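Just so we're clear, the structure is a prediction, and the values are computed from it rather than from any experiment. Order of the sequence lines sets the chain letters (A, B, ...), proteins ahead of strands, with each chain counted from 1.
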2 protein chains.
Amino acid sequence: MSPTIKDVAAHAGFSIATVSRAINAPHTVNPVTLDKVRQSIDALNFRPSPLGRQLRGERTRLIGVILPTLANPVFAECLQGIDELAAAQGYRLMLMTTQYDADRERHAIETLREHRVEGLILTVADADTHPLLDELDRAGLLYVLMHNDTARRPSVSVDNRLAAFDGVRMLIAHGHRRILMLAGTLAASDRARQRHLGYAQAMQQAGLTPAPALEVDFNADELAPSVLAHLTSGPNRPTALFCSNDLLAMVVMRGLRRARLQIPRDMSILGFDGLPMGELLSPPLASVCAPNREIGCAAWRRLLARVTGTDETSGETSPTLTLPHSLREGATIAAISSRTDNSPVRASTSAERPFA
Amino acid sequence: MSPTIKDVAAHAGFSIATVSRAINAPHTVNPVTLDKVRQSIDALNFRPSPLGRQLRGERTRLIGVILPTLANPVFAECLQGIDELAAAQGYRLMLMTTQYDADRERHAIETLREHRVEGLILTVADADTHPLLDELDRAGLLYVLMHNDTARRPSVSVDNRLAAFDGVRMLIAHGHRRILMLAGTLAASDRARQRHLGYAQAMQQAGLTPAPALEVDFNADELAPSVLAHLTSGPNRPTALFCSNDLLAMVVMRGLRRARLQIPRDMSILGFDGLPMGELLSPPLASVCAPNREIGCAAWRRLLARVTGTDETSGETSPTLTLPHSLREGATIAAISSRTDNSPVRASTSAERPFA
DNA sequence: ATGAAAGCGCTAACAT
DNA sequence: ATGTTAGCGCTTTCAT
């Protein structure tokens, strides 16, 4: 096992108190003693255990991070941002992933609480209705949400509704009228809802009828035949797809290509997230970009401000911090042409069906 | 602060010992008492602190993970694998990233040692010559490397040399003769070296002259003009590129496309890593695939076997565990045609210059 | 300047 | 079945 302060004390021939002082308040000990103690520390390769310190009621300098998955680079990017600041400020991160599973979320929070983390940075499916967050509030454990779009809880995100609104407006500005929103299986997430809201508003503002989000299985190797049919056949097929995230957009693009559609000639695609990876695609993916890394950084700063009690923003300010989004125009969006738009909107009469 | 076992004891009207037993050996306490204690635990929302337990010399059930970055999905995938098993087996992960920086590597190891992690899973630039690893050996801290390709230390990886060899042979089988290897700025890493070795062997076996790896700045937005020139001009320009990782391959592909080259018509591309993302590209990226997630899982299992002393494989077995790689053929590789191969090899005479 | 001792939260050996 | 107590590594009074 690791040597303890006792071993050092014995080795140096002083008491453990002196060793402790040599470490924590070097100026209070005799230089000669100090030197001897330091030699012993080196000789034994001693590192003070944070356990003892923490037990003494000191800060654990431990922050818990709970993410749905790292397979989506969005979260990996956030984590990078957090890690950068944490490391620089001498904090440790304890990471758990949940795969959006409620049991695992609960377990993660329990575990991290046990470890006396000073705070939590996390992303959940739906922040508004999440019972565990209420529990955290009750227990007084500080936390900051990332990406969750809620006005009720401390969070850092983009304005998902507005961001989606801007994105869909861009599609409309390119002449698209039959625009469909695609969402992952987690359409119930707060941000997916907000994004659909923005989509619907942009559509309505342009006098178009929004459609419900079409759910697409993210992890499937192929696009479901029913989905593919929905996207490609019929006179009212969409000319543009607004995908609720970039990974989904990439999966959809592959599915469409396999169905012999050309992008953007036969279908325009807009993603959401702004993954750097998207720019490497061919054609480069247009996307509504969130500053993921910066969201992680901002979440860290907010949490730390609360944890250390240096939160000047407390009180009047809203618990939500909204970071600016941006639009990345990409070659996956084409201006609409009569060739694609094989069934012009004005030729249709029914006001009931979307796009009709 | 969190309630302690004392608070519970007081609340329930029993001694702390009884509370401890109620938690750790419920069958040894009177059912009525047990019930009361449990009520108090719930009422106070008490969670036993692992600090006390750890202090008692029990296992910390804490494992440190040190990764270069999470921006490369390779590592995020490994981490997913580790996290999955760790969570299932009741272990906690403490994560630190280093950006391949030696200072940060040192700092990470120090920090994790202080926290009394039971072991370390990590990826470093060059395992053979890494002084910190020798230190770990000396300190008796158990660790397992991921992806590092060394016979000297406990590690889990693919056979990078053989994998690269197989990949380059595939290029050769498609008729390519002027094949260049591209590496990131970290060409000094042990795996990059092994991969170049495999490349060179495949070339030589086919009677071709290997070239030194061409270094490409990974993070740059554009391919350096000198690199681009190297790749595109002259009669001896390569017809295929073996990229030492998928991210690099994607960056290169973008650079080539911007230079108006078509892939694979004008240049074939082979990556390394087998990122799922690569299949979503257009054209889908051919790659030498490593089972990243499985590498993480295997590293976990090996570490845990060593940590818990249930390591049946110890002793005679090599410290290296080699997992099988696979080739993912993709549309980024074209069979060579005289159109592309504007300077047939057999027309050339010099044996000195690569590809000549 | 240094040491002795208490106490942080917990478990386990021992006592009742 | 339950309580008492020592001790894990450390910091911090309080003595010396």
In whole Å, I'd like the distance from the [atom1] atom of [X] to the [atom2] atom of [N].
X      : N      : atom1 : atom2 : answer
A/H115 : C/dG9  : NE2   : P     : 17 Å
A/K36  : C/dG3  : NZ    : P     : 11 Å
B/N24  : C/dA12 : CG    : P     : 7 Å
A/L51  : C/dC8  : CG    : C1'   : 11 Å
A/L34  : C/dA1  : CG    : C1'   : 12 Å
A/I16  : C/dA6  : CD1   : C1'   : 11 Å
B/I23  : C/dA12 : CD1   : P     : 12 Å

Can you check whether [X] has a side-chain N or O nearer than 4.0 Å to OP1 or OP2 of [N]?
X     : N      : answer
B/S49 : C/dG9  : no
B/R53 : C/dC10 : no
B/K6  : C/dG7  : no

What are the two closest heavy atoms between [X] and [Y], and how far apart are they?
X      : Y      : value
A/L44  : A/P3   : O-CG, 3.3 Å
A/V117 : A/L141 : O-CD1, 3.7 Å
A/A151 : A/P319 : O-CG, 3.2 Å
B/N160 : B/H147 : ND2-O, 3.9 Å

Mind checking if [X] touches a base, just sugar-phosphate, or nothing, with heavy atoms under 4.0 Å?
X     : result
B/S15 : base
B/P50 : nothing
A/S20 : base

Using a cut-off of under 3.5 Å, enumerate the N/O to N/O pairs linking the protein to nucleotides 14-16 of chain C.
none

Which nucleotide span of DNA chain D, 5' end to 3' end, has atoms closer than 4.0 Å to non-hydrogen atoms of chain B?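 Nucleotide range in contact with chain B: D/dA1 to D/dG9.
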Which residues satisfy the side-chain contact (heavy atoms from CB on, under 4.5 Å) test with B/R59, sequence neighbours excluded?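 Only B/R61, B/Y91, B/E118, B/V307, B/T308 meet the side-chain contact (heavy atoms from CB on, under 4.5 Å) criterion with B/R59.
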Not counting sequence neighbours, which residues clear side-chain contact (heavy atoms from CB on, under 4.5 Å) with B/A25? List them please.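 For B/A25, the residues satisfying side-chain contact (heavy atoms from CB on, under 4.5 Å) (neighbours in sequence not counted) are B/H27, B/T28.
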With a 4.5 Å cut-off on side-chain heavy atoms, are [Y] and [X] touching?
X      : Y      : value
B/D137 : B/R153 : yes
A/T320 : A/T150 : no
A/N292 : A/Q80  : no

Among all residues two or more places apart in sequence or in another chain, which pass the ring-ring contact (aromatic ring centres under 6.0 Å, His included) test with A/Y143?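 A/Y143 satisfies ring-ring contact (aromatic ring centres under 6.0 Å, His included) with no residue once adjacent residues are dropped.
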So, are A/R104 and B/D83 salt-bridged, with charged N and O less than 4.0 Å apart?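 B/D83 and A/R104: salt-bridged.
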Listed nucleotide nearest any side-chain atom of A/R116, set C/dA1, C/dC10, C/dA4: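 Among the listed nucleotides, the one closest to the side chain of A/R116 is C/dC10.
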Please tell me which of B/G52 and A/V19 maps to the more 5' nucleotide of DNA chain D, matching each residue to the nucleotide holding its nearest heavy atom.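 Mapping each residue to its closest nucleotide by heavy atoms, the 5'-most match is B/G52.
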Net bend of the helix from C/dA1-D/dT16 to C/dT16-D/dA1, end axes of five pairs each, nearest 10 degrees: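 The value is 50°.
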